[in-house]
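Remarks on the structure that follows.
Note that the numbering runs from 1 along the sequence shown for the chain.
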Amino acid sequence: MSSRTQLHAHHVPLAVLVLLAAAAPLLAGAQPASPDPAADACANPSVDGACHNVPKALRLKLIAIPTILVASVIGVCLPLFSRSVPALRPDHNLFVIVKAFASGVILATGYMHVLPDSFNNLTSPCLPKKPWGDFSFTTFVAMLAALFTLLVDSLMLTFYNRKRSRNTSGQRVGADQESRPAHGHGHGDIVAAESAAVAKPEDDEASKVQLHRNRVVVQVLEMGIIVHSVVIGLGIGASQSVCTIRPLVAAMCFHQLFEGIGLGGCILRAEYGLKMRAGLLFFFSTTTPFGIALGLALTKVYRENSPTALVVVGLLNAASAGLLHYMALVELLAADFMGPKLQGSVRLQLVSFAAVLLGAGGMSVMAKWA
């Protein structure tokens, strides 16, 4: 696939998220909220006096930025450095088990972290009942995001296959033209050229297609995780409640560690070069600290219970959840469990499934705090 096509496909889901965010303020004001006792709390959220401590909250946020950054770097780098371990090479069973664990982490991130946050935002009493109380926008947007991801994935594969077929036909025409003038020993040359074409293994072509799909998975996963990480960081940075920030920082360190392991496993399968790996690592590791810093800068302006903030964050989380669900179930788990390696061994299937449960279970426990 050409670099222009890859760039376009990579930014199309991002454009949809931006459009959702741009339309959210209009939807947020669809109907004025009816006066009720919760209105004052939404306009000026009350905070317990013992928890509301601006200096302590600021110190915790400043500690959170480097701590979460280090946890993110460690998590995403662990699978990338596993290539130096012979047992974790792609042709070994242990590598398949590690991939299954990573897929479970990604799956639980979508179901247990991102989707509930979207439900909480879009069903908040601070939003007007119409339209937000009359329709399940969270599941609707998540469904559309999953279907849109399917469309992008399918189109990218189609463009790649067309380009590959054009290149293959061009190579065959060139080989035929070179073989025609040699009448003296042309027959032998033609036979040799045909033998070389036949000798090209189909497995090599299939591996190239799979590698391309793995890279699409990494790009979409990275985008979905980044959106959620910025939103979480923004909430931490804007909060002034010590009782909220202290457990959330500790939980986010473990969250980013496990999520980094899941993403790092996918990056490892994509076989990117050093520069691309460094870029993916940088964006994953810095998005949550960036969100915290942004929340600090917007403390006086940003209110997480305002209708606009609730709608924007809720729609972005719903779209991110749809991306993660599709990628985890279709591109990661289904592709591996229906593939020849796991289909050839019932024992490896069961062990890999246990690894999926372990990864999903660990991230599900984290959802209690983050």
Side-chain angles (χ1 to χ4, degrees), residues 72 74-115 146 149-150 153 157 202-204 206-222 224-225 254-272 277 280-281 284 321-367:
S72 302
I74 292 174
V76 76
C77 284
L78 279 177
L80 300 181
F81 288 129
S82 66
R83 280 296 180 95
S84 58
V85 181
L88 289 177
R89 290 176 181 169
D91 55 340
H92 285 74
N93 290 343
L94 185 58
F95 180 78
V96 177
I97 296 171
V98 171
K99 286 195 301 181
F101 176 85
S103 301
V105 169
I106 298 297
L107 182 66
T109 299
Y111 275 108
M112 298 301 297
H113 292 259
V114 187
L115 198 62
T149 307
L150 169 65
D153 189 22
L157 187 61
E202 294 182 0
D203 292 343
D204 182 56
S207 65
K208 290 181 180 179
V209 174
Q210 185 59 46
L211 178 62
H212 173 73
R213 291 179 66 86
N214 290 341
R215 291 181 174 179
V216 174
V217 169
V218 169
Q219 293 174 4
V220 179
L221 275 179
E222 178 97 2
I225 290 172
F254 287 100
H255 180 280
Q256 290 296 104
L257 180 68
F258 278 97
E259 197 171 58
I261 292 174
L263 181 61
C266 296
I267 295 174
L268 184 64
R269 300 173 65 185
E271 299 182 8
Y272 279 120
R277 288 189 185 189
L280 293 170
L281 186 154
F284 169 76
L323 299 181
L324 294 175
H325 293 168
Y326 174 84
M327 285 296 159
L329 289 173
V330 178
E331 294 289 1
L332 299 178
L333 290 173
D336 285 344
F337 276 85
M338 303 304 170
K341 192 170 185 66
L342 285 178
Q343 286 294 311
S345 172
V346 175
R347 180 176 178 274
L348 186 57
Q349 282 188 54
L350 295 177
V351 174
S352 298
F353 186 74
V356 173
L357 292 179
L358 184 62
M363 283 301 287
S364 298
V365 171
M366 290 296 105

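- Using a distance-only test at 3.5 Å, with no hydrogens or angles considered, no donor-acceptor pair links the side chain of His113 to the main chain of Met366.
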Stepwise side-chain contact (heavy atoms from CB on, under 4.5 Å) check, Ile106 with Ile225: CA-CA 9 Å; Ile106 298 297; Ile225 290 172; 4.1 Å; yes
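- Between Leu333 atom CG and Leu342 atom CG the span is 10.5 Å, to the nearest 0.5 Å.
- Counting only distance, with no hydrogens or angles, the side chain of Arg215 and the backbone of Glu271 share a donor-acceptor pair below 3.5 Å.
- Between Ile267 and Pro79, the closest side-chain pair of non-hydrogen atoms is not below 4.5 Å.
- Taking CE of Met327 as the reference point, atom OG of Ser103 lies at 12.0 Å (rounded to 0.5 Å).
- Here the straight-line distance linking atom OG1 of Thr109 with atom CG of Leu324 works out to 6.5 Å at 0.5 Å rounding.
- Here the closest heavy-atom approach between residue Lys99 and residue Asp336 is recorded as NZ-OD1, 3.8 Å.
- Proximity of a side-chain donor or acceptor of Gln343 to a complementary backbone N or O of Phe337 within less than 3.5 Å is detected.
- In this structure, the side chains of Tyr272 and Val218 come closer than 4.5 Å at one or more pairs of heavy atoms.
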Chi angles and distances behind the side-chain contact (heavy atoms from CB on, under 4.5 Å) call for Lys341, Asn93: CA-CA 9 Å; Lys341 192 170 185 66; Asn93 290 343; 3.4 Å; yes
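- Residues Phe284 and Glu222 approach most closely at N-OE2, 3.3 Å, considering heavy atoms.
- Residue Tyr326 holds its OH atom at 10.5 Å from CG of Leu332, rounded to the nearest 0.5 Å.
- Scored by the side chain to side chain donor-acceptor pair (under 3.5 Å) test, Ser352 finds no partners at all (sequence neighbours excluded).
- Between Leu221 atom CG and Leu323 atom CG the span is 8.5 Å, to the nearest 0.5 Å.
- Formation of a donor-acceptor pair under 3.5 Å by the His325 side chain with backbone atoms of Gly110 is found in this model.
- Judged as a side-chain contact (heavy atoms from CB on, under 4.5 Å), and not counting sequence neighbours, the contacts of Leu350 are Val346.
- Within 6.0 Å of atom CZ in Phe254, 12 or fewer heavy atoms from other residues, nucleotides or ligands are found, so the atom counts as exposed in its surroundings.
- Within 6.0 Å of the CZ atom in Phe353, the count of heavy atoms belonging to other residues, nucleotides or ligands does not exceed 12.
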